[in-house]
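Values below: all heavy atoms of this structure, side chains included; hydrogens, waters and symmetry mates excluded.
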There are 2 protein chains.
Amino acid sequence: MSTVYEVADRAGVSTATVSRVIHGSNLVRPDTRERVLAVIEELGYVPDGSAQGLSRRRKDIIGLAALERGTTEVGIEKTSPLFMDELVHAVESVLRGTECSLLLTFGPAGEPFQRRIRSLSGKVDGLLVAEEVMPPGQLRSLARRIPVVAIAGRRDETELDVVAVDNTAGMRALAAHLIEDHGYRRLGFLAGPADSPDARERLEAFRQAVAGHPGCVLAPVLEGDFSEASGAAAARTLLALRPAPEVVACANDQMAIGVLLQFQGSGVAIPGDMAVTGFDDIYASRVVAPQLTTVGQPFRELGHRAAQRLRARIEDRELPQHTEILPTRCAIRASCGCPAPGSR
Amino acid sequence: MSTVYEVADRAGVSTATVSRVIHGSNLVRPDTRERVLAVIEELGYVPDGSAQGLSRRRKDIIGLAALERGTTEVGIEKTSPLFMDELVHAVESVLRGTECSLLLTFGPAGEPFQRRIRSLSGKVDGLLVAEEVMPPGQLRSLARRIPVVAIAGRRDETELDVVAVDNTAGMRALAAHLIEDHGYRRLGFLAGPADSPDARERLEAFRQAVAGHPGCVLAPVLEGDFSEASGAAAARTLLALRPAPEVVACANDQMAIGVLLQFQGSGVAIPGDMAVTGFDDIYASRVVAPQLTTVGQPFRELGHRAAQRLRARIEDRELPQHTEILPTRCAIRASCGCPAPGSR
DNA sequence: CGGGACGTTGTAAGCGGTTACATCCGGGTG
DNA sequence: CACCCGGATGTAACCGCTTACAACGTCCCG
C-alpha cells in the first residue's frame, strides 16, 4: 500500500502538496498538480481512512444500529426485518451524495448487542439508532459522547434528536375506517413487542379509537414480535376463538401477512370471513392477495430526515434538541373488505 | 471525548497498561486492571477507531458494494433490491460474532459509483463486491490493493475470489420441470440486465435447456432490469403477442411478480392462462398468490461464505485464488401450474 | 535597488492509539 | 548476600495524514 510519502517522493514534492492536490486546494501550481495526480494514478493511491480520520477529527462514517427481530431458527431462513431494509436504503441514498459512508449493524436486543454498539461508536462520527436498542439511560449517555439520532424511538426524549412517524394519527384513521365505513364492532388487535415505542403507540391509538365508539369492543388483544411467524401463530389462536372478531388489525405488515396466509391456508376467506390490516406498507403488502390495507410510513423521508439531522448535529453539537414527527398515510386496499381495484 | 492518556492519568498508570487492560492482556495485576476499568467506566471511554486502525494496521471494517437497480423515479417509492437486502443480513450476521463491522454502499453502475467505491476502499480492510459494479480491469486493480471477494460476479475470474451460485443447474432444472412435467412447448423468457453475470447465465441455461428439447421454442426473449416495473412492462408486451407463450420464465423474482400482477390486473389467470416463474426465492415470492415457482438461492450461505472468505484473505493475502459455486434449489410452487398446496 | 506582498512549497508537530524494548522490583538460589 | 529471573509497568517511536507556520522566490512599487 502506497502512502503520501511515496507519492510525494515520486512527484518530487512534499506531503503537504500532495495533500493539497488531493483536497483540491487552489494554492497549487497547475503543473505541480498534474505531476502529483499522475503519480497518484500510477500508484493507485488512495488515502488511508484511519489516518485521515485521526488527523482531521472526523471519520466520515456514520453508524446505523437496528434491532433484528423474530426468532433465528436454525436451518430456517428467517424473514428479515423488511422495515429496516427500507430505512437502510433511504439513509444510504442521502449519504451517497456526500463523503460519508454508512456502517451497519443489526442484532437482537440485549447485552451483547449493546456492547457491540458501544464499540462501534468509536468508529463513527455519529449514530442512528432505530427503536429501543438499549435502555434510555444508556442511550442518553451514548448521546453525550457522540451525536445520536433516534429513529422511531421514544417521543419524549429530551436529550437526543428523534425522528419518528405519527403512529397515532395513522392508526386512528385506520380504526375509523374499519368502524365507521365497514361497521365492524368486534375488533381484534395483534400488537407488536412491548419494547417497541412504535408498537406501543399503535396499540394505544387503536385502543382509544375503539373506546371512542360506543358499542365497539376491542378483543382479543394478542401480542407478536413483528415477525410473520408470530402472525401465523396469532391466527391459529384466533381460529379457536368464539366469538371471533370481525377484523384483526396488526401492528405491522409482516404479522398481518402471517395472519392472512395462515387464515387462507385454513380456509378462512379474507376479507370475506375476516378482515385483516397491517402497518408500514412494505413491499410485500402490495404483492399479497388480497392487497393489504395498511398505514404507510414515509420510509424514505424518515431515513432522509434522520440522516440529515445527524449530519447537521455532527457539524454543530450545540444544536437544540429536536423531535420530528412525520405524517403517515392510510392505504386502503382490499384486505379490510373494500372492493379490490380492477387493476393496480 | 476522552483518550487513553486521560484514562492513564486518572488511573495512575501508563497508556501501555490501559491498552493492555482493554485488550485483556494477562500481564496486568488484577488490582491495576480493576482500577483502570473503573476509570474507563467512569469516563465512558471508547477507543478511537481511527487511531486503532492506524496503529495496528487493520480497521476491522469490511465494505460491501452493491448495485442498486431499477429507475429512481422521483416521488415514487422505488422497490428496493430485495436480493441485496438478504445478502446484507447474511453478511452482517457473520460479522456479528467478530470485531469487524460492515460498511455499506449502494449505487447505480457508473463512474460516480466507481469513484465512491474507490474512496471507500481506503476505509476498509477488504471489500465484497456484488455483481459487476465496475469493469473487470478496474476490479482487478482494486483487488491488487486490498482483498476483494466478488459475490455473483463473473465465474472466470482468475485474480479474485468469487462466491456465486449455480444458476445453470437451477435454471436447467426449472426448465426441465416446465417442459417435461408440464409439457409446455412455447416458452418465453424475461432476461435480466446484460451487465449482470447471473442474468446472463440464467438466460443461457434456459436457452440451452429449451434447445435440448426438440419441438420446444424459446420466444419471445425480453429484457428487463430486475425491477418489478420492468416485469409489468414485459407483461404488457406479452399481452399483445400472438401466439403467446404458455409460460414466461423470469430472471428474477421481482420481475416475475411484476409480470404476474400485471397479468392478473389484465384478467389473465395465472397459471391458468399463462404460467410464470422467477429466480431467487425472495420473501415476497412466497407471499404472492399464486405462490411463485422459482429457484432458491442460498442467500445466507452466499453471504456467509463470502464474508468468511474475505476475512480469511485479509488474514493471509497469499491464499490461492478460489471460486466457489453454491448449489441452488428449485422451489416448485403454484405459479408454474402445479396444484397449490392446501396450506403453507 | 530594497522591501513588502503574494503565491507556492516545505517542515514538522500533532491526531490517539499500539507495542518493542527498557526498566524496575521482589523473591528464590547457590 | 550478590545475582538472576520473570512478572508488572513505563517510555517512546511509529502508524499515515493534515495543517499551522515558516521559508522561499518573484514581482512590483517607491
Side-chain angles (χ1 to χ4, degrees), chain A residues 1-37 39-40 43-61 99 118-125 145-146 314, chain B residues 1-37 39-40 43-61 99 118-125 145-146 314:
Chain A
M1 290 296 301
S2 36
T3 69
V4 245
Y5 299 107
E6 204 175 326
V7 174
D9 258 13
R10 297 222 196 184
V13 298
S14 72
T15 61
T17 298
V18 174
S19 187
R20 289 187 192 108
V21 168
I22 290 174
H23 296 92
S25 157
N26 51 352
L27 313 91
V28 182
R29 240 181 21 217
D31 61 321
T32 312
R33 176 195 312 284
E34 286 316 314
R35 201 151 22 102
V36 172
L37 284 177
V39 175
I40 289 180
L43 258 43
Y45 167 75
V46 175
D48 181 88
S50 293
Q52 281 188 311
L54 185 56
S55 162
R56 336 161 149 187
R57 256 124 266 221
R58 136 206 287 283
K59 308 176 176 60
D60 278 335
I61 300 181
E99 270 309 286
R118 191 182 151 123
S119 96
L120 196 145
S121 74
K123 299 183 185 174
V124 301
D125 295 325
R145 287 197 305 107
I146 69 172
I314 290 171
Chain B
M1 290 295 302
S2 35
T3 69
V4 244
Y5 298 106
E6 202 175 328
V7 174
D9 257 13
R10 295 223 197 183
V13 298
S14 71
T15 62
T17 300
V18 175
S19 187
R20 289 189 191 105
V21 168
I22 290 174
H23 296 92
S25 155
N26 50 353
L27 312 92
V28 182
R29 242 182 18 218
D31 60 322
T32 312
R33 176 192 312 283
E34 286 315 314
R35 199 149 28 99
V36 172
L37 285 176
V39 175
I40 289 180
L43 258 44
Y45 168 75
V46 176
D48 181 89
S50 293
Q52 282 188 311
L54 185 56
S55 149
R56 333 155 146 194
R57 255 124 266 222
R58 134 204 291 280
K59 309 175 174 62
D60 277 335
I61 300 182
E99 270 308 286
R118 190 182 152 124
S119 96
L120 197 146
S121 74
K123 300 183 184 175
V124 301
D125 295 325
R145 287 198 304 109
I146 69 172
I314 289 171

| request: Select from A/Val28 and B/Ser19 the residue whose nearest nucleotide in DNA chain C is closer to the 5' end of that strand. | output: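 Of the two residues, A/Val28 wins.
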Under 4.0 Å, heavy atoms only, any strand: does [X] hit a base, just the sugar-phosphate, or nothing?
X: B/Val18; answer: nothing
X: A/Thr3; answer: sugar-phosphate
X: B/Gly49; answer: nothing

Quick one: [X] [atom1] to [N] [atom2], roughly how many Å, whole number?
X: B/Arg56; N: D/dA13; atom1: CZ; atom2: P; value: 22 Å
X: B/Arg145; N: D/dG16; atom1: CZ; atom2: P; value: 14 Å
X: A/Ile22; N: D/dT18; atom1: CD1; atom2: C1'; value: 10 Å
X: B/Tyr5; N: C/dT18; atom1: OH; atom2: C1'; value: 10 Å
X: B/Arg57; N: D/dC17; atom1: CZ; atom2: C1'; value: 14 Å
X: A/Met1; N: D/dC17; atom1: CE; atom2: C1'; value: 13 Å
X: A/Glu6; N: D/dC15; atom1: CD; atom2: C1'; value: 15 Å
X: A/Asn26; N: C/dT8; atom1: CG; atom2: C1'; value: 12 Å

| Does the base of C/dG10 carry an N or O that pairs as donor and acceptor with the side chain of A/Arg20 under 3.5 Å? |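 Checked by distance alone, the answer is yes.
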| Is a donor-acceptor pair below 3.5 Å formed from side chain A/Ser55 to base D/dC17, judging by atom type as modelled? |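 Checked by distance alone, the answer is yes.
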If you check every side-chain atom of [X], which of [options] has the closest atom?
X: A/Ala16; options: D/dT19, C/dG16, C/dA20; result: D/dT19
X: B/Val4; options: C/dG17, D/dC17, D/dG16; result: C/dG17
X: A/Thr15; options: D/dT18, D/dG10, C/dC15; result: D/dT18

Is [X] close enough to [N] that one of its side-chain N or O atoms is under 4.0 Å from OP1 or OP2 there?
X: B/Thr32; N: D/dT9; answer: yes
X: A/Thr17; N: C/dG10; answer: yes
X: A/Gln52; N: D/dG16; answer: no

Contact check, side chains of [X] and [Y], non-hydrogen atoms, under 4.5 Å:
X: B/Asp48; Y: B/Met1; value: no
X: A/Ile61; Y: A/Lys123; value: no
X: A/Ile22; Y: A/Ile40; value: yes
X: A/His23; Y: A/Arg56; value: yes

| task | Rounded to 10°, tell me the angle between the two end axes of the helix from C/dC1-D/dG30 to C/dG30-D/dC1, each built from five pairs. | result |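 It works out to 60° between the end axes.
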| query | Does A/Arg33 use its side chain to pair, donor to acceptor, with the backbone of A/Gly24 at less than 3.5 Å? | reply |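 Between the backbone of A/Gly24 and the side chain of A/Arg33 there is no qualifying donor-acceptor contact (under 3.5 Å).
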| Partner of B/Ile146 by side chain to side chain contact (heavy atoms under 4.5 Å, CB included), out of B/Asp125, B/Ile314, B/Val124 |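 Of the listed options, the one satisfying the test is B/Val124.
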| note | From the list A/Val18, A/Val21, A/Val7, side chain to side chain contact (heavy atoms under 4.5 Å, CB included) partner of A/Leu37 resolves to A/Val21
| remark: CG (B/Asp60) and CG (A/Leu120) are apart, to the nearest 0.5 Å, by 11.0 Å
| task | Find which nucleotide of DNA chain D each of A/Tyr45 and B/Arg33 is nearest to by heavy atoms, and output the residue with the more 5' nucleotide. | result |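 It is B/Arg33 whose nearest nucleotide is closer to the 5' end.
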